[in-house]
Each structure stands twice: as C-alpha cells, then as structure tokens.
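One structure is given below, encoded as structure tokens.
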Amino acid sequence: MFKLVTLAAAFSLALPLMAQADDDDDAPNFGLAGILSASNKEDLPPITLSAGMPLADAPWTLKSGTYYEFEIQADGSQELALIGPEFFRAIWIDEIVIEGLEIRPLGLDSVEFDEAGEMEIGFVALKPGQYYLKVPGSTGETQRLEITIQ
C-alpha cells in the first residue's frame with residue numbers, strides 16, 4: 001500500500017512538469033520519426049570531384065541535431081578520394097546511397113572514386129567544431145571544404 005501511495009504522489013508532482021514541457025513553444029516538433037523527420041532535413045550543395053576543379057563553392061555551416069544530405073559527384077577525369085576522418089566522427093551517418101544501393105556504415109574515414117559516378121550521404125551533425133573534407137595529398141584551398149558544426 002505504501003508503494004502505491006508513494007507512486008501516486010510522485011506522479012501527481014510530476015504531472016505539472018510534464019504539462020509544462022508540452023507547452024514549450026521553442027521545442028522542435030519532429031513527429032514520429034524524431035530528428036529524422038522531414039521538417040529537420042536540409043540539403044547541402046554537392047561536392048564535385050574533378051581534376052583541377054574546386055570541391056565546393058563555399059564552406060558549410062551546419063547545426064548540431066539537424067539531418068543533412070549531400071551528393072558527391074565525380075566526373076572520372078582522375079581517380080580521386082575525399083578524406084575527413086574527424087568530420088566523419090563528428091556526425092552519425094544514416095546511409096550512403098550509390099546507384100540505388102543503400103549502405104548503413106558504422107563509420108567512415110574516406111571515399112574514393114576510380115571512375116565517374118555519384119554518391120549521396122545522409123547524416124545527422126552531432127559534435128560542434130571545425131572540420132574539413134579534402135582531396136588527400138592536396139595543398140590548394142580549392143581542394144578542401146571547410147565545415148563548421150554549431
């Protein structure tokens with residue numbers, strides 16, 4: 001009996017707090033899919049892998065907790081890779097799609113294109129900080145994409 005009374009008292013004290021949490025207008029309303037909901041998704045500009053061409057037009061500024069998708073497009077002009085192990089550890093990769101094949105990896109260090117093709121990566125930005133993706137062995141600024149997660 002004592003446990004039942006204690007449980008009822010605890011519930012009655014917590015009820016106003018639960019109601020207050022529901023009234024929070026600043027909290028995002030994601031729906032049943034949580035942070036993977038369409039209302040929390042943003043598309044990023046594509047990354048281009050081409051001999052002598054810049055990777056991207058501008059740096060990326062991402063918000064922690066937001067779901068992003070971007071494409072990597074290789075024209076096959078040269079065998080090129082893209083590395084960014086620190087960035088890949090600061091995000092949760094939902095899936096990588098290559099020619100309709102969906103891959104759900106536990107982690108990633110780099111990707112490489114031996115010929116022309118496209119890859120789409122969907123991820124949630126997690127850890128705030130400064131990161132990059134770059135062509136390995138390159139020194140030029142255009143071969144590096146600066147990424148900030150806020």
Side-chain angles (χ1 to χ4, degrees), residues 10-11 13-150:
F11 182 73
L13 291 173
L15 195 57
L17 296 175
M18 290 188 303
Q20 183 180 4
D22 287 343
D23 292 339
D24 188 6
D25 291 334
D26 295 336
N29 185 8
F30 294 132
L32 295 176
I35 62 172
L36 299 180
S37 295
S39 64
N40 192 46
K41 179 182 169 262
E42 289 186 32
D43 290 324
L44 295 169
I47 292 176
T48 304
L49 287 179
S50 179
M53 298 296 295
L55 290 178
D57 293 333
W60 291 351
T61 301
L62 312 177
K63 183 179 174 189
S64 181
T66 300
Y67 186 90
Y68 294 95
E69 284 184 353
F70 71 97
E71 289 183 357
I72 302 172
Q73 302 166 342
D75 67 1
S77 60
Q78 188 175 346
E79 188 175 315
L80 290 169
L82 197 59
I83 63 170
E86 293 87 3
F87 172 68
F88 288 125
R89 282 167 184 69
I91 64 175
W92 171 74
I93 300 174
D94 175 38
E95 68 180 2
I96 298 172
V97 181
I98 304 168
E99 294 183 16
L101 300 172
E102 297 177 3
I103 304 162
R104 293 189 174 82
L106 292 175
L108 192 62
D109 274 339
S110 64
V111 296
E112 184 173 336
F113 286 78
D114 294 338
E115 54 190 49
E118 278 190 15
M119 172 187 300
E120 182 178 283
I121 299 177
F123 68 94
V124 176
L126 297 176
K127 186 178 175 187
Q130 297 289 122
Y131 305 99
Y132 65 85
L133 291 173
K134 73 174 196 163
V135 174
S138 65
T139 56
E141 289 181 25
T142 63
Q143 299 300 294
R144 181 179 172 110
L145 171 61
E146 297 295 330
I147 303 167
T148 302
I149 299 177
Q150 299 176 333

By side-chain hydrogen bond (donor to acceptor under 3.5 Å, both in side chains) - contacts of [X] (at least two apart):
X	result
S50	D75
T148	Q130
D94	Y67

**Request:** Count the heavy atoms belonging to other residues, nucleotides or ligands that lie under 6.0 Å from CD of E95, then report whether that count exceeds 12.
**Result:**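 Yes, the 6.0 Å shell around CD holds more than 12 heavy atoms from other groups.
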Measure the shortest side-chain to side-chain distance between [X] and [Y] over non-hydrogen atoms and say whether it is less than 4.5 angstrom.
X	Y	answer
I91	I149	yes
L145	L82	no
L55	L49	yes
F113	Q73	no
F87	L62	yes

Counting distance only, does the side-chain N/O of [X] pair as donor-acceptor with the main-chain N or O of [Y] below 3.5 Å?
X	Y	value
Y68	K63	yes
S64	L126	yes
Q143	M53	yes

As an exercise, state the distance from [atom1] of [X] to [atom2] of [Y], rounded to the nearest 0.5 Å.
X	Y	atom1	atom2	result
T142	K134	OG1	NZ	12.5 Å
R144	E146	CZ	CD	4.5 Å
E69	E42	CD	CD	11.5 Å
R104	I93	CZ	CD1	12.5 Å
E120	E102	CD	CD	9.5 Å
I72	I121	CD1	CD1	4.0 Å

[X] versus [Y], closest heavy-atom pair with distance:
X	Y	value
P105	I96	CG-CD1, 3.9 Å
D109	P85	OD1-CB, 3.5 Å
S138	V135	OG-O, 2.6 Å

**Request:** Would you please indicate if the ring centroids of W60 and F70 are separated by under 6.0 Å?
**Result:**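 Yes: the rings meet the under 6.0 Å criterion.
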**Request:** Quick one: do F88 and L133 satisfy side chain to side chain contact (heavy atoms under 4.5 Å, CB included)? Show the steps, please.
**Result:** CA-CA 9 Å; F88 288 125; L133 291 173; 3.8 Å; yes
